[in-house]
Structures are given as structure tokens and as C-alpha cells.
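These numbers come from a predicted model, not from an experiment. The first residue in the sequence is number 1, and the count goes up from there. Indexing begins at 1, ligand by ligand and atom by atom, following the structure's order. Only this structure's heavy atoms are used, side chains among them; waters, hydrogens and symmetry mates stay out.
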Amino acid sequence: MSGDLQVNKILGAVLATGLVIMGVKLGAEAIYHREAPEKAGYHIEVADTGGEGGAAAAVDTPPDWGTVIPTADIAAGEKTFQTKCTSCHNNANGGPNAIGPNLWGVVGRPVASHPGMDYSDAMKAHAKEVPNWSWDAIYAFLGAPSKVVKGTKMTFVGVKKPEDRINLIAYLHSQGSTGYAVPAPNPAAASEGAAASPAAAEAASK
Ligand code: HEC
């Protein structure tokens, strides 16, 4: 009898110990599980580091070209071109392709059309959707090249600031694209785009 009691006591102690261990384990798991979602939810944002904020790019509506082009700062646009584009692009009339295609007359030009340039498949596919570098098309592309043409060979973060991009496009237009018409001003349409109106208003007030 007393032997059985002894056994029961030992079993009881073992069970109690087991429960304590289980309790500790469960507690520990609860702690780990609470940490786990934090790690799973943590991811690194790479794409938007070069800009002034990814949110701005998402609502980057083109300006009213008829309003902003006549008042754009072409000299400022040329400076942007010299500092950001000439490492990969030549833009002389009849000049060569470099890492990127020659950009003489690029505004309004058919996409992926410069002779001798080995365009990426992504850019060739883009040409089927967007046939030419219209004002809006080049504005979107130069704002975030790899977002607008996923897989493009143009490894360039983009010109984020609308005003800088407008000046740059005005400069590109002056280099062999003057035959591509500037549309008539239509400020009412521009004010529909919240992101465009400050730039347009600023340009118009110059
Ligand atoms: C690191 C090199 C590099 C830089 C810097 C660069 N580009 Fe490009 N660009 C390219 C390449 C390469 C292509 C061809 C892309 C493809 O085929 O996917 C290209 C294509 C283009 C196109 C399309 C032309 C066409 O014929 O369809 C335009 C427009 C353009 N670039 C403008 C610019 C402007 C403006 C700048 C400066 C703000 C610039 N690029 C900076 C390499 C560059």
C-alpha cells in the first residue's frame, strides 16, 4: 500500500514537473509567436529611395502641356540633361547611340525606333502599347523608368520633381522635336490633376 502511495507521489511529481515544463514551453512559444508577425511584416523598400516620396509618384498626373511648355526653363532642363542623361545618351543631330539611344528629336518619336539601338524586349513591348513618346508618355517614363517600363535597360531612378521633369522635356523638345506640336493651353483640364496644378500654377506665374 505504502509502496503504491510512493509510486503515486512520484508519478504526481513527474506529472507536475511535466506540466511546469509544458507551461514554460507554451509561454515561450506565445512570446515567439508574438514576435513572428513583426518579422514577417518587415520588408525593405528599395524602389522609392531616390525620390521625394513614393506617394507623390503614385499621383503624378501630367501637367497641362500647353500651359507649362511655353513658360518652361529650357536652360534648367539642359542642365538636368547634362548632369543626369549624358552618361548614357548623346542627343546631337545624327549623333551615335551610346548605352542608350540617341535622343535628338525624341519627343513625339515612335518608341524604340532609333536605328541601330538594341532595345530591351520590355521597351519593344512598350512600343506596342504606347506607340510614341507623347508629352504624357515621356513625362511618365522619365518620372520612374523602371516602373513605367518594367524590365527596361535604362537603369535610372527617374527625375522625380515635376518642375525639373517639365523643364527637361521642354529642353528635349527644343532639340529636334519642335515639329511636334505643343497643344493649346487647357488649364481647366490641368486643374483636374491635383499633382499637376501646383507645377502648372507655378510655371504660369513666372
Ligand atoms: C544608365 C544609363 C542611362 C541613363 C542615365 C539614362 N538613360 Fe535613357 N535609356 C537608357 C537605355 C539603355 C535605354 C534603352 C532602354 C530599353 O531598351 O529598355 C534608354 C531609353 C531612353 C528613352 C527611350 C528612347 C527611345 O528611343 O524609345 C528616353 C526618352 C530616354 N532614355 C531618356 C533619358 C533621359 C532624358 C535621361 C536623363 C534624365 C536618361 N534617359 C538617362 C540608358 C540611360
Fill in: Neighbouring residues of ligand 1, heavy-atom cut-off under 4.0 Å
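Correct list: Lys84, Cys85, Ser87, Cys88, His89, Ile99, Gly100, Pro101, Leu103, Val106, Arg109, Val111, Ala112, Met117, Tyr119, Ser120, Met123, Trp133, Ile138, Phe141, Leu142, Thr152, Lys153, Met154, Thr155, Phe156, Val159, Leu168, Leu172.
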
Discussion item. Which residue is it: Val107, Ile169, Ile74? I am looking for the one with a side chain to side chain contact (heavy atoms under 4.5 Å, CB included) to Ser174.
Written reply: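 Of the listed residues Val107, Ile169, Ile74, the side chain to side chain contact (heavy atoms under 4.5 Å, CB included) partner of Ser174 is Ile74.
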
Worksheet item: Which of parallel (below 30°), tilted (30 to 60°) and perpendicular (above 60°) describes Tyr171 and Phe81?
Response: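 Judged by the thresholds at 30° and 60°, the geometry between Tyr171 and Phe81 is tilted.
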
Discussion item. Can you tell me how the ring of Trp133 sits relative to the ring of Phe141, calling it parallel under 30°, perpendicular over 60° and tilted otherwise?
Written reply: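 Tilted: the ring planes of Trp133 and Phe141 meet at 30° to 60°.
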
Fill in: Sequence neighbours excluded - side-chain hydrogen bond (donor to acceptor under 3.5 Å, both in side chains) pairs with any residue from residues 118-128
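Matches after skipping sequence neighbours: none remain.
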
Discussion item. Ignoring hydrogens, what is the shortest heavy-atom contact between Val106 and Ser177? Give both atom names and the distance.
Written reply: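 Looking at all heavy atoms of both residues, the shortest contact is N-OG, 3.4 Å.
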
Worksheet item: In Å and rounded to the nearest 0.5 Å, what is the CD1 to CG distance from Ile69 to Asn167?
Response: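 Interatomic distance, Ile69 CD1 to Asn167 CG, rounded to 0.5 Å: 8.5 Å.
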
